[in-house]
Amino acid sequence: MDSMKLSKDKLNSFVAILAEQKQLYMPQAEGETLKYSPVNAKVQPDLVFSNTAVPAKSVVFPQVETLFRYEVEKTDIKMPAGEEERVLLGVRPCDARAMSIVDNLFSWDVDDPYYLGKREKTIVVGLACQKPGVNCFCSSVGGGPASTEGLDVLLTDLGESFLVKPLTEKGEKLCQAAGEIFEEASSDDLNSAEKLHQEAAALISRSIETGGIPEKLPGLWESGIWKEVSNACLGCGICTFLCPTCHCFDIQDEIEGFEGRRCRMWDSCMFGEYTLHTSGHNPRPTRRERTRNRINHKYNYFVQKFDVIACVGCGRCISSCPVNIDIIEILQQVKEAQ
Amino acid sequence: MSEQFQPNVVAFLCNWCSYAGADLAGTSRIKYPHNLNVIRVMCSGRVNPLFVINAFQQGADGVLISGCHPGDCHYMEGNFYARRRFSLMNELLEYVGVEPGRFNMSWVSASEGAKWKDVVAGVVEKAKEAGPFDQFRRNKINW
Amino acid sequence: MVDLEKMRTIAKETVSRDDVRYLIGWRQGTYGFRVSPHFMKGPEEAEKLIFSPLCSNNLATYLTLTEKLPVPRGEQPDSRKIAVMVKGCDSRAVVQQLIEKGIERERVFVIGCPCEGVLDLKKVEEKFPGILSPVEVEWSGDKIIFTLPDGVKEVPKGEVLAKKCLSCRYPNPVMSDITLWDEVKSLGDGNYEDVKEMEEKNPQEKWSFWKDKFSSCIRCYSCRNVCPMCYCEDCVLDRLNPQWINRSANISENSAFQLARAFHLAGRCIECGECERVCPVDIPLMALNRKLAKEVREQYEFEPGLDPESKPFQSSYRPNDKEDFIL
């Protein structure tokens, strides 16, 4: 299917069509925080933001998710209702790419029905990034401001209109359903979109040459740099909770009266309790081991297993870290370390 | 609020004074509202502020903490600590929007069966006025 | 006046002492306006240290945050001091830790840095967005001077200073082994106007405000971890049995968490504002802390973190404490 054009004054009706057909998720301010939340057809779409504080992963991998429900002292369990089809509108290419990276993990040895169920029913409509943030370095880890990995449709803001480019079958269907409001895109539009993509890529100011890092990390297991970079770490979960590729979870039971549910929720390898054994022993006793694990997981273990770096360079962990622990700086040190 | 609403009030009573006071009210056949769920603790100073938060989470519409009069504490000073602690708790709950009157504290001695009746009647009345507590009840959110 | 030369000289001397293990100071961060805590092991690192309006990190946190691993058999525990640089608010954190016996006096060496107020990064980054190269920032009277890539800019303090600093009454360290430069005048009178404004709302208004804030909490626990007063080895939030507060993030558990956190700081919070600064979802945590600080100060005439000999607020009492709320 060819690219099409959506004039901006028709954005409202596009959103309304999407919201009528499927559950629509868009970046919404909750308090002062932008995160993807369900919206109805009447929402005023606002796609001007550099990126959401909480990544789009929260739609397919929610912070808390019910696995099943039960009644105390009874043996049967109730599964949660099946997922409805949903559309994510305005996802940045880095967040979408992160989803396709995490797909590897959840469909690895055992398929995770909860994640994959949501993922299959999700149509991701991305918006090419035009104003990368200070700490964006997506182009260093295989992405880019107009990367299409993980997206079903890519929108590009041409000023007066959006260039709509369906990328997958799911995306094509979605566009066909809303077909009448699109105009035909001229080759000028395609060219100017291409130009905008290149301009955005040129605006990315931070970078790191990641070649060789995955191979080098195992040799630095006992290196002094881990102590050095983790000294200031607070051991909080900001970097991992806000990371679009971090996918660790904890499973707990919650019981209210005689009704209970087993649910899973985000967990962070930066918490001491994450690796704490029942015996009281903790194989990662200090922030040094935890920081080492975070970097290794993204740039070593994941690469070994799935041949892709589990970092999309969105810069959230850098921008939000209260003590300026900077993953680019750590990688730089890894490269320089002997 | 309608007349039918029967609030659920959780009361933490100290073993030595208030629990005995409530007992006295019972043996003296004094009638008082039945909306109270009594939890006996050894001292009002043993009540952890998390008990109060948790009671609200798990469905209490009002909370009452009752202990010995100042100076009468079986453990000499437990209720003095409790007083300080829950005065602040009271302020904090009101500050985030829990209606005044949901959280209560009283001194009831073992001989004050009649006062106990008045305290309970007052607390239940206030909880009725405030209505069902739904600010941060667990209530199976997002199950 | 800030004297970086003197600061570095003293840091060199301190860290060269036999009885000092390392020194915690501030260094320029990796980009823009960021500053990072620096753990200085030897005198050669002195040039890295800075002190500027960007140094908002409360380094007293690290006195209790640093893990104490079991000492291997046959070895002696390292009993050397840890030197720490403190601003006025940070020094109160050290004092409060001493009051609570969280640290021992002879294990810390406190270097006081009188402070004319630190910046609110959110305000600064809004004013000067997208700056990547490290920026130098200085105090100059009632102005802040930014040396930006495109020239020097002066900004009035009121526009960029953190809110806590505008009402700060303790800009000078209340306790230190060395004070680096002359004391500065305090900027504010520590009023609680914002708290009073909130108090006057009705319960529905208050709750709709807090509901909004609490529901955006993602439970990353950075407010707890950054707090110099939150140093329990076994935090009630981590416990599973009994599990007072469920791990799931929803309005009920988040409210319980935030109330518990604030309450655990009642009579202990020294108002350094770190919790609010680090919060990735901008919850105004100081509004809770300051409410409790206000009650403690107004009703009990008590202020935490001033006198190392005093008793902790919640484990002391006066027979005539107020009890007008009691039935």
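Owing to the predicted nature of the structure, the values given are computational and were not obtained by experimental measurement. Below, chains carry the letters A, B, ... as their sequence lines are ordered, and counting in each starts from 1.
The two residues Ile326(C) and Ser106(B) make their nearest non-hydrogen contact at CG2-CA, 3.7 Å. Minimum interatomic distance between Ala260(C) and Ile53(B) (heavy atoms only, all atoms of both residues): N-CD1, 3.9 Å. The two residues Phe313(C) and Leu88(B) make their nearest non-hydrogen contact at CE2-CD1, 3.5 Å. When every heavy atom of Glu323(C) is checked against every heavy atom of Pro70(B), the shortest pair comes out as OE1-CG, 3.4 Å.
In this structure, the separation between OG on Ser255(C) and CG on Leu93(B) is 11.0 Å, given to the nearest 0.5 Å. To the nearest 0.5 Å, atom CD of residue Glu94(B) and atom CE of residue Met198(C) are 13.0 Å apart. Here CH2 of Trp210(C) is found 13.0 Å from CZ of Phe136(B). Values are rounded to the nearest 0.5 Å.
Heavy atoms of Ile65(B) lying under 4.5 Å from chain C are absent altogether. Contacts of Ser316(C) with chain B are made by both backbone and side-chain atoms, with heavy-atom separations under 4.5 Å. Proximity to chain B is limited to the backbone of Asn320(C), based on heavy atoms less than 4.5 angstrom apart. Neither the backbone nor the side chain of Asp324(C) comes within less than 4.5 Å of any heavy atom of chain B. Contact annotation for Val195(C): both backbone and side-chain heavy atoms come within less than 4.5 Å of a heavy atom of chain B. Within the 4.5 angstrom heavy-atom criterion, only side-chain atoms of Val123(B), from C-beta onward, approach chain C. Residue Lys201(C) does not touch chain B at all, counting heavy-atom pairs closer than 4.5 Å.
Within a 6.0 Å sphere centred on NZ of Lys68(C), other residues, nucleotides and ligands contribute more than 12 heavy atoms. Atom NZ of Lys123(C) has more than 12 heavy atoms from other residues, nucleotides or ligands within 6.0 Å. When the shell of 6.0 Å around CD of Glu193(C) is examined, it contains more than 12 heavy atoms from other residues, nucleotides or ligands. Within 6.0 Å of atom CD in Glu233(C), 12 or fewer heavy atoms from other residues, nucleotides or ligands are found, so the atom counts as exposed in its surroundings.
Residues of residues 16-48 of chain B placed with any heavy atom under 4.5 Å of a heavy atom in chain C are absent; none qualify. Within residues 162-169 of chain C, no residue has any heavy atom closer than 4.5 Å to a heavy atom of chain B. Residues of residues 72-85 of chain B that come closer than 4.5 Å to chain C, counting heavy atoms only, are Glu77(B), Phe80(B), Tyr81(B), Arg83(B), Arg84(B), Arg85(B), ordered by residue number.
Put simply, the side chain of Gln299(C) reaches to within 4.5 Å of the side chain of Ser87(B), judged on heavy atoms. Within the 4.5 Å cutoff, the side chain of Leu327(C) has heavy atoms near those of the Lys126(B) side chain.
Applying the ring-ring contact (aromatic ring centres under 6.0 Å, His included) test to every pair with at least one member in residues 251-297 of chain C, sequence neighbours left out, gives these pairs: Tyr221(C)-Phe257(C).
With chain C as the partner, the residue from Phe56(B), Phe51(B), Phe103(B) showing the most heavy-atom pairs under 4.5 Å is Phe51(B).
For the pair Lys291(C) (side chain) and Leu92(B) (backbone), a donor-acceptor distance under 3.5 Å is absent.
Salt-bridge check for Glu253(C) with Arg138(B): passed, with a basic side-chain N closer than 4.0 Å to an acidic carboxylate O.
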